[in-house]
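Step one of this worksheet: look at the structure below.
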Amino acid sequence: MRNLKTPLLLYFSGTLLAGIFLLGDVACHSSFRDTGNTSGKITRANRNWEEYGGGPDQSKYVSLTQITKANVAQLSVAWTYATGDSTEYLFNPVVVDGVMYVVAKNYSLVALDAATGKELWIHANLKGITWRGLNYWESKDRKDRRIIFSLNNHLQAIDAATGKSILSFGNNGSVSLKEGLDRDPATIGRVQSTTPGRVFEDLIILGSSPGENYFSPPGYLRAYHVLTGKLVWTFHTIPQPGEYGYDTWPKDAWKYAGGVNTWGEISIDTKRGIAYFPLGSPTYDYYGADRIGSNLYGNCLLALDARTGKRLWHFQFVHHDLWDYDLTAAPQLITVKHRGKKVDAVAQATKHGFLFAFNRVTGEPLWPIEERPVPPSEMPGEQAWPTQPFQPALEPFTRHTVTAHDLNPYFTPAQTAHWQKRLKAARTGLFTPPSDQHEIVVIPGAVGGANLGNTAADPGKGIVYISSQDYPSVYKLEKMGDKEARVNGATNNRGMKAYQQYCQACHGENRAGAAGPSLLDLGKRVDPDNFKNVLATGKGQMPGFQHIDEKTVNELYRYLAGDVTGSRFTVARKEVPVMPAGNVVASGGAPLTETSPVGRNGIRYYPHDVDTPATRYISDYGLEYPDLMKPVWSSVMAYDLNTGTVKWRHALGQDANVAALGGKNTGIPIGSQRKGMIVTSNGLLFATSKGGKIYAFDAENGRELWSADLPWETYGMPAMYEANGRQFIVVSATSPFTKESINRSVLPGALPRSYVAFALPENIKQ
């Protein structure tokens, strides 16, 4: 590697002015990563990791070559930065010109020296900040450089050099994301996504996470100006009268239906100015009698003009979704040789285990997609769509059948007999609609399949990498009561019912703990805001429950904050902001412009002229059985989309309990959820796995070349960059281990919760 000068770092009155000079002949502009760049030329963009996922195309592809197949086994810990608290950070660091931005120290934004991990400055007390990453933008002359993020349903900007809020942005520094959704903002509980959105030119393009229950807000796609915070365009994902797709819904469904949101990863073709959005399910997920139709743009890959929000094309992967098969994984922008011609394509991996590929400009499928008949619904008022799309040319990356033969061979005889009987009474199979008469056992279930962070690519070679898990769900619908639930230990109230559905399996029938910790007296220890954050994003083995509506979340908290008889209710006081040790330059972000408090009910009624079902039905997510099936439970694989074939597949992780019984290459239950990958131009694939592991594979054949144990579990996407002439890979290791893993956090000399950076020894030069 040629010797690269590093940016000049100047300190004045405690303020960092970083990277104020350009390197070499790199031009100044807002977006530096060229989609599909495979030249291997080291540019400023390649040295950096300027946004969530590394670049606008979300390939997680870097042209850094210091770490090779020959020396990767010599990687070791170069530095660590302790987060200084007990919080699990699902954060993907952002690195620009030798400065790394992370979230640590009780939800503070922290700037670090990317070469050493030395702390530079802290903007403290940003609880409610986007969980998974941040957006970086700079002006053409680089004098204005901003970190843009969401905080408690508001969009804000911080000066990337000083760490201070930019109060000229929006209304005194913030923009309410609850405005402009054609609903009363006071009835909206949450809207900001846990992913940060995407910067394109002078726009910040956002999805949302409004929940996926009855009467959740719609998931409109929006773009704001990075300097002013002004709304530039909105795309109605639930079409309004006169808009394309309006006839795929009941009349005026846009007034009450919700969801159809991008809470996953947006990809942008910067050369063409096309943004690709993976869209989620329409509400309610499992019973759609109030949304008869195919429900565009639910479960679509949607291509929009990034500058105007104009629809270019779309493809719907699930019609009238009844299985929570929302799209979340990043669309991969690749170039392939197809039928003798070079084609710029986009590939989308789904939660239900298929990979689809399209011409990224026209939306034409590269291989024929078949509409196949699927089972009808037996629920009153429901009309399941009669066909669903299948991609027969590309091998699925998950299983789709559940039989007694597929049961976990490590079950006890009693467990096996129990499930044989249960499966005999249930209905199984992909696209079998949920029922109130019997259980439905499907694989993949509500969390996939492929999920956030689970796709990457070598764009120029047309290779797409997927990490996935075989994780079933067990569904059964039940009637939803119309009366308000009350916290009363003698009543099967909604809060108690929510606990039984989502929490009891791990935390015990009496809340005293089982596989998970005790939740007794939770109200004294955890304030409502922190409870909602943890519930939405997950913690430890617990998956994130972003789809639970605001009312149920509030009543679940109220139930947990009461005693077992419901005779008292204790809410923890909101934490008083505490200034962490270090160079704190600001605290709390910009002032928020609050809307009116959310009412107890919010919008809970249909418009008077809308014909709606007399009874509504609900189901839980059925996620209590991640190891129901026989291994492999999690894996990483490579598709060659020049030929439409799978190049290789490798188990991802290893269940520690099964390993003790002699099991090998099994993967690990929930092994790829909240994990990520990085692809290098010289043929390496890095991947994180449950169990606190990071691996390097040969990207050509899947051979494992290196692995390292982290001191804590990792739930954040890794980042790769160059600083001071060294190539680093950094990952957040801040989460507790679970029963399937060796708990290294309790071993003598274990590091605290930290961001951990790996590099080759300094004496190794290429």
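Side chain of T688 to main chain of G676: a donor-acceptor pair is present (N/O by atom type, distance under 3.5 Å, no hydrogens or angles). A donor-acceptor pair under 3.5 Å is absent between the side-chain atoms of K675 and the main chain of A687, judged by distance alone. Of the possible donor and acceptor atoms, one in the side chain of N299 sits under 3.5 Å from a partner among the backbone N and O of Y325. In this structure a side-chain-to-backbone donor-acceptor pair under 3.5 Å is missing from T187 to P185. A donor-acceptor pair is defined here as one N or O able to donate and one able to accept, closer than 3.5 Å; such a pair exists between the side chain of N153 and the backbone of Q192. N454 places a side-chain N or O within donor-acceptor distance of the main-chain N or O of S672, the cut-off being under 3.5 Å.
Residues P93 and Y755 have side chains in contact (heavy-atom distance under 4.5 Å, counting atoms from C-beta outward). Contact check for P631 versus P409: side-chain heavy atoms found under the 4.5 Å cut-off. Looking at heavy atoms from C-beta onward, I618 lies out of side-chain contact with L477 at the 4.5 angstrom threshold. In this structure the side chain of Q673 never reaches within 4.5 angstrom of the side chain of Y715, judged on heavy atoms. Between I443 and M629, the closest side-chain pair of non-hydrogen atoms falls below 4.5 Å. Contact check for L452 versus W263: side-chain heavy atoms found under the 4.5 Å cut-off. Side-chain contact between T734 and T87 is absent, with no heavy atoms from C-beta onward closer than 4.5 Å. The shortest distance between side-chain heavy atoms of T398 and Y471 does not fall below 4.5 Å.
With no hydrogens or angles considered, no side-chain donor-acceptor pair links D655 and T666 at under 3.5 Å. Judged by distance alone, the side chains of N125 and S587 do bring a donor and an acceptor atom under 3.5 Å apart. Donor-acceptor pairing under 3.5 Å is lacking for the side chains of R753 and T83. No hydrogens or angles considered: nothing links the side chains of D85 and N106 as a donor-acceptor pair under 3.5 Å. For the residue pair T738 and E740, a side-chain donor N or O sits within less than 3.5 Å of a side-chain acceptor on the partner. Side chains of Y52 and E265: a donor on one and an acceptor on the other come within 3.5 Å.
In summary, of the residues considered (T350, T328, D326), a side chain to side chain donor-acceptor pair (under 3.5 Å) with N451 occurs for T328 alone.
Shown here for T714 and S689, the closest heavy-atom pair between the two residues is CG2-O, 4.2 Å. Here the closest non-hydrogen pair linking V584 and A124 is CG1-CB, 4.1 Å. When all heavy atoms of L206 and P196 are compared, the pair lying nearest together is CD2-O, 3.4 Å. Taking each heavy atom of S193 and T130 in turn, the nearest pair found is O-CG2, 3.7 Å. Minimum interatomic distance between A651 and G667 (heavy atoms only, all atoms of both residues): CB-N, 3.8 Å. In terms of heavy-atom proximity, S108 sits nearest to P580 at OG-CG, 4.1 Å.
To the nearest 0.5 Å, atom CG of residue L177 and atom OG of residue S209 are 12.0 Å apart. Here the CG atom belonging to L151 is positioned 12.0 Å from the OH atom belonging to Y107, to the nearest 0.5 angstrom. Expressed to the nearest 0.5 Å, how far CD of Q469 lies from CG of L652 amounts to 9.5 Å. A distance of 8.5 Å separates OG in S741 from CG in N657, rounded to the nearest 0.5 Å. Atom-to-atom distance recorded for E478:CD and Y287:OH is 14.0 Å, nearest 0.5 angstrom. Here N261 contributes atom CG and L327 contributes atom CG; the two are 11.0 Å apart, rounded to the nearest 0.5 Å.
A salt bridge links K105 with E119; the closest basic N to acidic carboxylate O contact falls under 4.0 Å. Note on K690 versus E713: no salt bridge recorded, every NZ/NE/NH1/NH2 to OD/OE distance being 4.0 Å or above.
For F737, there are no ring pair (Phe, Tyr, Trp, His ring centres under 6.0 Å) partners, not counting sequence neighbours. With sequence neighbours left out, the side chain to side chain donor-acceptor pair (under 3.5 Å) criterion links H438 to E378, R427. The salt bridge (charged side-chain N to carboxylate O under 4.0 Å, His left out) test applied to D709 returns K693, R744, not counting sequence neighbours.
Proximity of the aromatic rings of W419 and Y625 is defined here by a centroid distance below 6.0 angstrom, and this criterion is met.
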Report task. For the pair N152 and L592, evaluate side-chain contact (heavy atoms from CB on, under 4.5 Å) and give the outcome as yes or no after the intermediate values. Result -> CA-CA 9 Å; N152 296 320; L592 300 184; 4.1 Å; yes

Requested in this report: Any chance you could lay out the side-chain contact (heavy atoms from CB on, under 4.5 Å) test for S735 and W712, step after step, and finish with the verdict?
Outcome: CA-CA 6 Å; S735 302; W712 290 75; 5.9 Å; no

Query - Step-by-step side-chain contact (heavy atoms from CB on, under 4.5 Å) determination, L423 to V441 - result: CA-CA 8 Å; L423 287 176; V441 185; 4.0 Å; yes

Query - Trace of the side-chain contact (heavy atoms from CB on, under 4.5 Å) decision for I668 with I670 - result: CA-CA 6 Å; I668 188 168; I670 326 180; over 6 Å; no

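For CG of L747, the number of neighbouring non-hydrogen atoms (other residues, nucleotides, ligands) closer than 6.0 Å is greater than 12.
Classified by interplanar angle (parallel below 30°, tilted 30° to 60°, perpendicular above 60°), the ring pair Y286/Y284 is perpendicular.
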